[in-house]
Amino acid sequence: MLTNKQVSEAVTMIGEMFPDAECELHHSNPFELLIAVVLSAQCTDALVNKVTPDLFNKYKTPEDYVEVSQEELEQDIRSIGLYRNKAKNIKKLSKSLIEQYNGEVPESKEELMELAGVGRKTANVVASVAFGVPAIAVDTHVERVSKRLGICRWKDNVREVENTLMKKVPKEEWSVTHHRLIFFGRYHCKAQSPQCPVCPLLDMCREGKKRMKKRQAAME
DNA sequence: AACTCGGGGCA
DNA sequence: TGCCCAGAGTT
């Protein structure tokens, strides 16, 4: 397991690899971000960014989503997949916003997680990106790189990965940490093709060293 | 813990 | 054309 000092070194090095790591979803306010992150479940941000310009041009407020028919909303987000669930969740979530929060997006992770279609990851992204709440969103990228590097244990569940990251990274760096780990996982430490031979973190990476050793053995 | 929802993108 | 992508809800 990496020490706190090693984790902080790793995060710094990843920061140098991705100096402008930040939320890639198009949005201009907390409500749009919330919708974009809900839509992004189980699909790529790039795909979500293809539908949001038209979507946000058509729907400005929670009322707009409540008033539209389920079928019409489904058609508007059809290309991202899982569209029936997502359309249903967005209508339900919009209704909750109107009834419980005067049409505004709540700022706490706990309140966000009560909303339809909003789980741990989505709540953390919205809270941290839109409201500056300290949080580390653990998606599959963050989970994978945390396990490969040895920040946490292989058998840890999402909650444990999140807790370990929060323990090992100073609170004021949580938001940069989660964006950097996401970029690192998405573009470099990819699920099927980690770029170990050219990785600046190889020396401290548990999985990377194992893979390189295997590679070496295969060469001989 | 396992299962379901799903079309886009790439090889 | 088949595999990979990537969370939340339900049972």
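We name chains A, B, ... by the order of the sequence lines, and we start the count at 1 in each one.
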So what does A:Lys86 touch, heavy atoms closer than 4.0 Å: a base, only the sugar-phosphate, or nothing?
nothing

Produce a footprint string for nucleotides 4-10 of chain C: one letter per nucleotide, 5' end first; B if the base is under 4.0 Å from any protein heavy atom, S if only the sugar-phosphate is, - if neither.
SSBBSS-

Please list all pairs passing the salt bridge (Lys or Arg N to Asp or Glu O under 4.0 Å) test where one or both residues lie in residues 103-112 of chain A, with sequence neighbours left out.
none

Selection residues 54-68 of chain A - residue pairs positive for salt bridge (Lys or Arg N to Asp or Glu O under 4.0 Å), sequence neighbours left out:
A:Lys58-A:Glu72, A:Lys58-A:Asp76

I'd like the [atom1] distance from [M] over to [N], given in whole Å.
{"N": "C:dG7", "M": "B:dC10", "atom1": "C1'", "answer": "22 Å"}
{"N": "B:dA11", "M": "C:dA6", "atom1": "P", "answer": "15 Å"}
{"N": "B:dG8", "M": "C:dG9", "atom1": "P", "answer": "24 Å"}

Could you list all the side-chain hydrogen bond (donor to acceptor under 3.5 Å, both in side chains) pairs where at least one residue sits in residues 174-194 of chain A, not counting sequence neighbours?
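Only A:Glu24-A:Arg186, A:Glu24-A:Tyr187, A:Asp45-A:Arg186 qualify under side-chain hydrogen bond (donor to acceptor under 3.5 Å, both in side chains).
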
Reading DNA chain B in the 5' to 3' direction, which nucleotide is the first one with an atom under 4.0 Å from a heavy atom of chain A, and which is the last?
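For DNA chain B, the relevant span reads B:dC5 to B:dG9.
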
Please list, chain by chain and in numerical order, all residues satisfying salt bridge (charged side-chain N to carboxylate O under 4.0 Å, His left out) with A:Lys91, sequence neighbours excluded.
none

According to salt bridge (charged side-chain N to carboxylate O under 4.0 Å, His left out), who are the partners of A:Arg120, at least two apart in sequence or on a separate chain?
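Salt bridge (charged side-chain N to carboxylate O under 4.0 Å, His left out) list for A:Arg120, sorted by chain: A:Glu162.
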
Would you list the pairs meeting ring pair (Phe, Tyr, Trp, His ring centres under 6.0 Å) in which at least one residue belongs to residues 59-90 of chain A, sequence neighbours left out?
A:Phe31-A:Tyr65, A:Tyr59-A:Tyr65

Give every residue pair that meets the ring pair (Phe, Tyr, Trp, His ring centres under 6.0 Å) criterion with at least one member in residues 112-165 of chain A, sequence neighbours excluded.
none

Tell me if the NZ atom of A:Lys92 is crowded by more than 12 foreign heavy atoms within 6.0 Å.
no

